[in-house]
Amino acid sequence: MIETTARPARRESAHFEIGYTRYLDPDGKLVAPLPPGLADPVRAIALYSALVRARSFDQKAVAMQRTGRLGTYASSLGQEAVAVGAASAMRPEDVFVPSFREHAGQLVRGVTPRELFLYWGGDERGNDFSGPREDLPNCVPIGSHAAHAAGVALAFRLRREPRAVVAIFGDGATSKGDVAEAFNFAGVWKLPVVFVISNNQWAISVPRRNQSAAETLAQKAIAAGIPGEQVDGNDVFAVHAAVAAALERARAGGGTSVIEAVTYRLGDHTTADDASRYRNDAEVKAHWQEEPIKRLEAYLVALGRWGKDDQERLLQETKAEIDAASAAYLATAPQALATIFDFTYANMPADLQRQKDGALASAATTPVKG
Amino acid sequence: MIETTARPARRESAHFEIGYTRYLDPDGKLVAPLPPGLADPVRAIALYSALVRARSFDQKAVAMQRTGRLGTYASSLGQEAVAVGAASAMRPEDVFVPSFREHAGQLVRGVTPRELFLYWGGDERGNDFSGPREDLPNCVPIGSHAAHAAGVALAFRLRREPRAVVAIFGDGATSKGDVAEAFNFAGVWKLPVVFVISNNQWAISVPRRNQSAAETLAQKAIAAGIPGEQVDGNDVFAVHAAVAAALERARAGGGTSVIEAVTYRLGDHTTADDASRYRNDAEVKAHWQEEPIKRLEAYLVALGRWGKDDQERLLQETKAEIDAASAAYLATAPQALATIFDFTYANMPADLQRQKDGALASAATTPVKG
Amino acid sequence: MSEINLVQAVNLALARAMADDEKVLVLGQDIGINGGVFRATDGLLKRFGEDRVRDTPLAEAMIGGISIGLALQGFRPVAEIQFSGFIYPCIDQLANHASRFRTRTRGRLSCPMVLRAPCSGGTKALEHHSESNEAMFTNIPGLRVVIPSSPKMAYGLLLAAIRDPDPVVFLEPTRLYRAVSEEVVDDGTALPLDRCFVRREGTDLTLIAWGAMVREALESAQQLEARGVSAEVIDVATLKPLDEATLVASVQKTGRCVIVQEAPLSGGYGGEIAARIADGAFSSLLAPIQRVTGYDTVMPLSRLEQIYLPKAASVTTAAERAMVYA
Amino acid sequence: MSEINLVQAVNLALARAMADDEKVLVLGQDIGINGGVFRATDGLLKRFGEDRVRDTPLAEAMIGGISIGLALQGFRPVAEIQFSGFIYPCIDQLANHASRFRTRTRGRLSCPMVLRAPCSGGTKALEHHSESNEAMFTNIPGLRVVIPSSPKMAYGLLLAAIRDPDPVVFLEPTRLYRAVSEEVVDDGTALPLDRCFVRREGTDLTLIAWGAMVREALESAQQLEARGVSAEVIDVATLKPLDEATLVASVQKTGRCVIVQEAPLSGGYGGEIAARIADGAFSSLLAPIQRVTGYDTVMPLSRLEQIYLPKAASVTTAAERAMVYA
Ligand SMILES: Cc1ncc(C[n+]2csc(CCOP(=O)(O)OP(=O)(O)O)c2C)c(N)n1
Ligand SMILES: Cc1ncc(C[n+]2csc(CCOP(=O)(O)OP(=O)(O)O)c2C)c(N)n1
Ligand SMILES: [Mg+2]
Ligand SMILES: [Mg+2]
């Protein structure tokens, strides 16, 4: 036998830590001092208004779907703080790359409620945002937009622009290879992108624990060598602060971040879903205690900056805006038949022109094709 | 301002550690005591023989390719200890799921050199292993076999069999979403599979550092909530011990592991590649000092268990075996034309039968179709 | 036995196959406690347990890949892709692996698996939920591609697909799921997987369709009958491998043919069928083969969806064009 | 200007496009210092620098997806997929995204990008390196699908693809890479992307092919000439959108047609072309349209590869069959 030293064969080669950040607890009490920007009550009120506006949009959309005036709709009830916190941390020239449950953030970015109604009502013009022209439209194929976010961020990098991208997707999306690949590319190229995981605990009927054995979803970042952090996703301050810091880092060339916002989907997956088939009411009820609007309201009230009148005014204004948008959507005539063809290519191919001509000709004789 | 506690907003929510294990240093000196099984010199000699046999096969294959008697070939020069260490830790009833550079492991598993020559010579019969009937054939689309490994492991799980799977792929493969998805599924279902990353520092011309910002590739496991470890991939003991432990864990229901074996590709990517275009000789030369065979030989010699005679006998025996296999391969007549058709479906569709009949008829008149 | 709709027929076939053969498993997203977003797997978890009815994490490539691993080991996985618009990440596993293991290993390993996916439009669904992408699978050797058009067809074809020793892509038109009901006898009888089905006999003209378009073809045949034209309607059912003989024989008889396909025109499977018939029935053809298809455009969002979809009336118009051709 | 082969023509077009327009970038696996496994990007890194010539990690879906992000921002990425057998993970990005951004956003966003991939067999390559999977892209609205058949065609079509405002899949037959050289004038002139090219005029019969099969068609035309048959040879070049007019006009003139395709028969793009011609040239057709194609089998490994590949002699046999048809 050869003599050996007593050193163990194994040594540590790397270690990692994930943190969880919360400022505002479910009762609306601050558990830690707010970062400077957020301590300003005006800021808090703006965030609160954005949350209320989002929920108001959601309620209207669900009601419209129920009465057949909107298609299948994915409510963000209970998780508004994730998208509002993230979008409010962005600059106008940044680019927002949402999944399909981030209307709360899209509204902050300047997408109009009418555009959102159009989109969910089945009209492509809803994606032709009048406001944030470079923001991406909703992405339905789960996780596939993570790559687009990285690509847009690479464009910023190549042009040496101090801009950054925020992409949001769900807990389910983190199981997609697309997301892992995007983390990895963004990591190795230090791209200015912040990936926000809106962990609402459910991917339709699949609970978070059946999605991954990972203790946190933030640790998915470790696979790509980038920082990953958890925040209380129902604390809009925590989300905003984390995303703002990550964006600042990204703009300064510091690269990519992953932020897991821990929240909860209080509603059905979509209007086509019946969550009572797979989760019990008690769980949902418990999470109502942690939802983001109530806690921020409690905070503002305790701060002495928010009263019944303020609340009523806000609700009224918001309702008026959303109702008007809904009416404007309902009053919008459907697109002309030609639009099916006109945006397929920039230069209409002869083959498609012939199809268009045929469609127009037959539409001239019958109300709808067929 | 509301009073707040002085507690920081952030607390640790998870932490992780990756280890690196080596027993045998590049000079063949033990740096730590070997696990019981491996301390037996007979075992070490068997491993040494497997390494030599693999390299001998590689050399022959490259030579045959150069003289036009084999197709494009991917040598495993310098990284033989990864596949040998892994395969030698398996039981016969386990299943091996290789990439395309693991002939060293396939030989250990009982795939014959003649079968390997057939495969690399462009004959599907090389995949009809006479030995390990359930082992998968080579996988060329990088990383896509990780899913198969998980599926096979799930089959074992469902049948309550004490069997496990070893899958191997490269550093480049870890960038594929397939691999991340497979880790995640295997993790959440506690599948009996050991994923071995053969990190040879290069994916064709892309160096490891441009593949990922992750400090280690073992930490890709953290994203899936499964243990990840690094080992010295040129120390066959370290690879064997790590895989053996992971397999034991897997069989006992403990679930999935990831082992990053840190090695180096001493040769070109394949015979179609010219590595001098993208990496310098000095780097390669330096790594020759760490290659796995020399160090194990030094260990055996120092142990007094290996002499010139042993070495000569081994080389001769191996050469004789490989030469005979090569001759047998070269003497194998090509498959009949009909075989192109016969294995497409179990039940030959009429449509394909007609194509086959046509091909056979035209072959009857011309030597090759056309 | 009461009448059931197409999604219930799928459910019935799955249950039957699972009861008959313990190697049959189902897996996919939300197919367990939720019973599938369309309820195709409703009740299976309760009846067959978690080992055989498995909700997966959200990753389509892996659903394909893990099915391959199971199939290589002798199981018969029936995986659900939630919508055919999400099947793309799985194509690598289908084209590079599932379809090839048998031939690559000279028969040592094989992949008896079924990938089910709801397809097609007409339900005012969200983006990417209304795709007719069947053609994408038809040029992959080693695969079978099957699309049922009725509850009975769904039951018999799905049983056949599950029992087939090779991989099958099984596409189910969502707008047929609850559109019609018919009596389906749950006797475990499979339909042949290599056959086109004459759904209605006729002498003047052959209408060829698959999936949701079979209904339009049948409706058109009725319209045509009222106008004195006797249309034969053939349900292709199994697109790959194709039963050319049945198609050609019909057009040899009728001399006229309209192919109906919901997918975009160019590169759709109707081209293959037209090519086969134009060749096989060359001397019988009395008029050019007509194709009534979707446009070469992305399926519009719901408000314009109906404009995109081929309808019985268009089939009838094309048939009349064929009838008057001279 | 000396003669160059097809891969050099690709290189030349890339360099020209990059010199002309700083928004043009190339990315992919091993395309930087290694110059691409076929050397298609040789020298570009040195000339244009790391920002514009970017080696990626090993992930095809991401190569597609990141190109989309770049294109949405106004860049014109030209991505290389190392072989078309590895393009499958990228199809989701092509079918669900690249091809749709323009129509989904009513023109607000678009994806001017090119995905290049070597394709086809005949080089005794490894498994999955010899795929002819072009048909898979032809039923995706919003895409263009282009396959060059010669150095000149490669140069002109690739320039056009890069300048096109929409996504293009550009497939390059590997066995043509170094097979022939011809003079290519590097004057930045693009070829039209919506045109089939008459490569040889003839009166008795039309041979239609694309990619590597154009050579077989041209060789067959010579064989036929020796036998007194005047064959017109058309290089489809752009499969999608299809220039039906040129194809139909030729067969209206000749009355006979053979379509040559390396891909497996069923569901291949030859079906679409045959369907178009059978319809458009119905009354001119003197014989059934013949398809000479690969078999509906997986491309065999190298030892039997040549048996799989369609050859000029088969084209000639089919042409003669068409000539004697009565
Ligand atoms: C690739 C893909 N697969 C499946 C679906 C169907 N689907 C829509 S939402 C959803 C669950 C998404 O879960 P998560 O990522 O957690 O987002 P959440 O819905 O909770 O916001 C599924 C499976 C899809 N849209 N895309
Ligand atoms: C999906 C896919 N993309 C590209 C290739 C081409 N290719 C073959 S090997 C290789 C590099 C693989 O690197 P790594 O995973 O580190 O394995 P190694 O070759 O070093 O053993 C590439 C890009 C492939 N075979 N499959
Ligand atoms: Mg979720
Ligand atoms: Mg490597």
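Throughout, protein chains are lettered first and strands after them, A, B, ... in sequence-line order, and every chain is numbered starting at 1.
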Contacting region of [X] [heavy-atom separation from chain C under 4.5 Å]:
{"X": "R125(A)", "answer": "side chain"}
{"X": "L70(A)", "answer": "neither"}
{"X": "T344(A)", "answer": "side chain"}
{"X": "A180(A)", "answer": "neither"}
{"X": "T339(A)", "answer": "side chain"}
{"X": "Y119(A)", "answer": "both"}
{"X": "I142(A)", "answer": "side chain"}

Side-chain ([X]) to main-chain ([Y]) donor-acceptor, under 3.5 angstrom:
{"X": "T41(C)", "Y": "I31(C)", "value": "yes"}
{"X": "T216(A)", "Y": "Q219(A)", "value": "yes"}
{"X": "Y177(C)", "Y": "F38(C)", "value": "no"}
{"X": "R227(C)", "Y": "V229(C)", "value": "no"}
{"X": "T316(C)", "Y": "A312(C)", "value": "yes"}
{"X": "R175(C)", "Y": "S120(C)", "value": "no"}
{"X": "R39(C)", "Y": "G36(C)", "value": "yes"}

Original post:
Between R114(A) and T112(A), is any side-chain donor less than 3.5 angstrom from a side-chain acceptor?
Top reply: no
**OP:** Run the numbers on Q290(C) and R321(C) for side chain to side chain donor-acceptor pair (under 3.5 Å), then give the verdict.
**Re:** CA-CA 9 Å; Q290(C) 310 283 314; R321(C) 213 179 307 131; 2.6 Å; yes
Which of [options] touches chain A most, by non-hydrogen pairs under 4.5 Å:
{"options": "E216(C), Q29(C), E127(C), M62(C)", "value": "E127(C)"}
{"options": "L265(C), V315(C), V298(C), L126(C)", "value": "L126(C)"}
{"options": "I33(C), L304(C), D296(C), T317(C)", "value": "D296(C)"}

Under a 4.5 Å heavy-atom cutoff, which of [options] has the most pairs with chain C?
{"options": "S175(A), G358(A), G126(A), G122(A)", "result": "G122(A)"}
{"options": "T72(A), N210(A), D351(A)", "result": "T72(A)"}
{"options": "N138(A), D171(A), L352(A), I340(A)", "result": "I340(A)"}

**OP:** Under the side chain to side chain donor-acceptor pair (under 3.5 Å) rule, what do T263(A) and N200(A) come out as? Steps first, then yes or no, please.
**Re:** CA-CA 5 Å; T263(A) 179; N200(A) 66 2; over 6 Å; no
Subject >> Interface residues of residues 272-283 of chain A facing chain C - heavy atom cut-off under 4.5 Å >> reply: D273(A), R277(A), Y278(A)
Original post:
Which bit of D55(C) is near chain A, if near means a heavy-atom gap under 4.5 Å: side chain, backbone, both or neither?
Top reply: side chain
**OP:** Check the pair Y73(A) / H103(A) against ring pair (Phe, Tyr, Trp, His ring centres under 6.0 Å), numbers first and verdict last.
**Re:** CA-CA 11 Å; Y73(A) 178 74; H103(A) 356 290; 5.1 Å; yes
Subject >> CA sep, side-chain torsions, deciding dist, call: E60(C), Q93(C), side chain to side chain donor-acceptor pair (under 3.5 Å) >> reply: CA-CA 10 Å; E60(C) 282 75 14; Q93(C) 290 293 344; over 6 Å; no
Original post:
Where do S220(C) and Q223(C) land on the side chain to side chain donor-acceptor pair (under 3.5 Å) test, with the steps shown first?
Top reply: CA-CA 5 Å; S220(C) 167; Q223(C) 293 172 2; 4.8 Å; no
